[in-house]
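Residue numbers begin at 1 in each chain, while the letters A, B, ... track the order of the sequences. These numbers were taken from a predicted model, which means no experiment stands behind them.
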Amino acid sequence: MKVHTEYLTFETKKRMAFVHITPQVEAAVKKSGVQEGLAFVSPMHITASVYVNDNESGLIQDIEEWLEKLAPSGKNYRHHQTGEDNADAHLKSLLLHHEITLPITKGKLDLGTWQRVFYAEFDGQRPKRVIIKVLGE
Amino acid sequence: MKVHTEYLTFETKKRMAFVHITPQVEAAVKKSGVQEGLAFVSPMHITASVYVNDNESGLIQDIEEWLEKLAPSGKNYRHHQTGEDNADAHLKSLLLHHEITLPITKGKLDLGTWQRVFYAEFDGQRPKRVIIKVLGE
Amino acid sequence: MKVHTEYLTFETKKRMAFVHITPQVEAAVKKSGVQEGLAFVSPMHITASVYVNDNESGLIQDIEEWLEKLAPSGKNYRHHQTGEDNADAHLKSLLLHHEITLPITKGKLDLGTWQRVFYAEFDGQRPKRVIIKVLGE
């Protein structure tokens, strides 16, 4: 059994941003030497998510607006009484579900034609970490 | 360590449909010979989800209406400028979270009394694939 | 390869409740002897979730109100024609996504500074089970 771990760091320029990270996950799978198994990818923060969907800029904007509609920023959240202003970022992270697991077959991510891995940042402009854990044989 | 992979294909008659797939996942677990481990089940598409919940037809209709309310179809999404008309299917897939992991104990899915595995299709009427990856010993 | 399984039981006093369970998951990881791997944590019910976020009481109340807004209780759901009254609890479980996977590095949960594991109960006041499956080497 092989287990391989990597950490990525992202510092987005905007508070909310979507970063395509399939190449980094593929590279981690290759480095692991795992032929058959699973890749687990997760932010190490609670105001960000890793998800799988389309790498199409219009859709990414649709996702951004949809998240803002269902988990709006700037509201009078109780969490803000602690001095924080990012309750919406926590809710957006929950809505998109914060982590992802991916299948590995014959040494590669076994994804469909349009499946791409994204890091979704909801409270950026500071360094944030993502963990990749590859497990298999 | 054992790793077993299977692919299922679904072509639903309606654009949106919910297919009960616990028997297929159980069959894959049995075939794998894994006694203790995890089963990973995911669509290979970004307009579908695999989730765990109740096999009760009224609730399934409630889920369908709820998804349509929170991620409505037919809206003027940016994604539709590419010629697509299925932005809502992407959002529904994100809302339900696209993949699932399940525990295996003593050679069987270790689920509670009412837990059932479903394939949720949001843009059907064409062949779509699901991957099952069983991992353990 | 090591696989370790534990079951926890919760009986919350209120119908909806959030229980911090990081210590129990850490204890299961320690007992497993796994140094590198994954911990899978899931309710064995379809009216509860396990999720990762902040252990801050204000935010937890924000999450509770947000879930109630997006998946309201007491509505005239089809599921209630079966005699049930908890359709909202099913929708809340789907919204928060019902299970979680966590990374293990050097024998411990490899979480960021603020990441905590929670059991979210949406239809409590009766004994409910959670399964922890630790897998690795």
Side-chain angles (χ1 to χ4, degrees), chain A residues 1-3 18 22 34-42 49-71 92-118 120 133-137, chain B residues 1-7 9 32 37-51 67 69-72 75-102 122-123 127-137:
Chain A
M1 185 186 178
K2 290 169 179 165
V3 186
F18 295 79
T22 315
V34 168
Q35 292 298 304
E36 295 290 327
L38 296 173
F40 166 83
V41 192
S42 176
S49 293
V50 174
Y51 73 93
V52 168
N53 215 286
D54 203 354
N55 190 11
E56 194 279 300
S57 61
L59 184 73
I60 291 170
Q61 274 186 281
D62 290 329
I63 293 171
E64 186 165 345
E65 286 174 21
W66 177 71
L67 290 168
E68 181 60 28
K69 189 183 153 202
L70 293 187
K92 287 176 173 93
S93 164
L94 293 171
L95 184 52
L96 220 47
H97 194 67
H98 108 306
E99 101 276 2
I100 204 94
T101 305
L102 303 162
I104 300 165
T105 304
K106 296 180 186 167
K108 291 188 175 178
L109 288 179
D110 197 352
L111 299 176
T113 313
W114 302 104
Q115 288 183 306
R116 296 292 177 275
V117 189
F118 280 85
K133 183 82 68 175
V134 183
L135 192 144
E137 62 174 13
Chain B
M1 185 184 180
K2 289 169 181 166
V3 186
H4 173 74
T5 309
E6 276 190 37
Y7 303 92
T9 302
S32 75
L38 297 173
F40 166 84
V41 191
S42 176
M44 303 186 77
H45 301 262
I46 49 188
T47 51
S49 293
V50 174
Y51 73 92
L67 290 167
K69 190 182 152 202
L70 293 188
K75 273 189 60 182
N76 196 18
Y77 292 105
R78 281 197 183 81
H79 185 48
H80 297 177
Q81 295 173 10
T82 65
E84 293 283 354
D85 62 356
N86 63 356
D88 72 294
H90 292 273
L91 300 181
K92 287 176 174 93
S93 164
L94 292 172
L95 183 52
L96 219 48
H97 195 67
H98 108 302
E99 100 276 3
I100 204 92
T101 305
L102 303 163
F122 304 122
D123 188 22
K128 307 261 289 246
R129 288 202 302 161
V130 167
I131 181 170
I132 305 176
K133 182 83 65 174
V134 183
L135 191 144
E137 62 175 13

(message) Whether K92(A) and E68(A) form a salt bridge (side-chain N of Lys/Arg under 4.0 Å from carboxylate O of Asp/Glu) is what I want to check.
(response) yes

(request) May I ask you to decide if the ring planes of Y51(A) and F118(A) are parallel, tilted or perpendicular, using 30° and 60° as cut-offs? (result) parallel

(message) Is any side-chain heavy atom of H79(B) closer than 4.5 Å to one of N86(B)?
(response) yes

(request) Pick whichever of V52(A), I60(A), T101(A) has the most heavy-atom pairs under 4.5 Å with chain B. (result) T101(A)

(message) So for E99(A), is it side chain, backbone, both, or neither that comes closer than 4.5 Å to the heavy atoms of chain B?
(response) backbone

(request) For residues V130(B) and E6(B), determine if any side-chain heavy atom of one lies less than 4.5 Å from a side-chain heavy atom of the other. (result) no

(message) What part of S93(B) gets within 4.5 angstrom of chain A, counting heavy atoms only: side chain, backbone, both, or neither?
(response) side chain

(message) If I measure from the heavy atoms of chain A, does Y77(B) come under 4.5 Å with its side chain, its backbone, both, or neither?
(response) both

(message) Between I131(B) and chain A, with a heavy-atom cut-off of 4.5 Å, which part of the residue counts as in contact: side chain, backbone, both or neither?
(response) side chain

(request) Could you have a look at V3(B), V134(B), I100(B), L38(B) and say which one has the most heavy-atom pairs with chain A under 4.5 angstrom? (result) V3(B)

(request) Considering non-hydrogen atoms only, spot the tightest contact between D88(B) and P72(B) and give its length. (result) CB-O, 3.2 Å

(message) Among L70(A), T113(A), D110(A), I104(A), which residue has the highest count of heavy-atom pairs closer than 4.5 Å to chain B?
(response) D110(A)

(request) Provide the closest heavy-atom pair for T5(B) versus K133(B) in the form atom of the first, atom of the second, distance. (result) OG1-NZ, 2.9 Å

(message) Is Q81(B) in contact with chain A via its backbone, its side chain, both, or neither, using a 4.5 Å heavy-atom distance?
(response) neither

(message) Under 4.5 Å from any heavy atom of chain B, what part of W66(A) do you find: side chain, backbone, both or neither?
(response) side chain

(request) State whether a side-chain donor-acceptor pair under 3.5 Å links E56(A) with H90(B). (result) no

(message) I'd like to know which of L135(A), T105(A), L67(A) tops the heavy-atom pair count under 4.5 Å against chain B.
(response) T105(A)

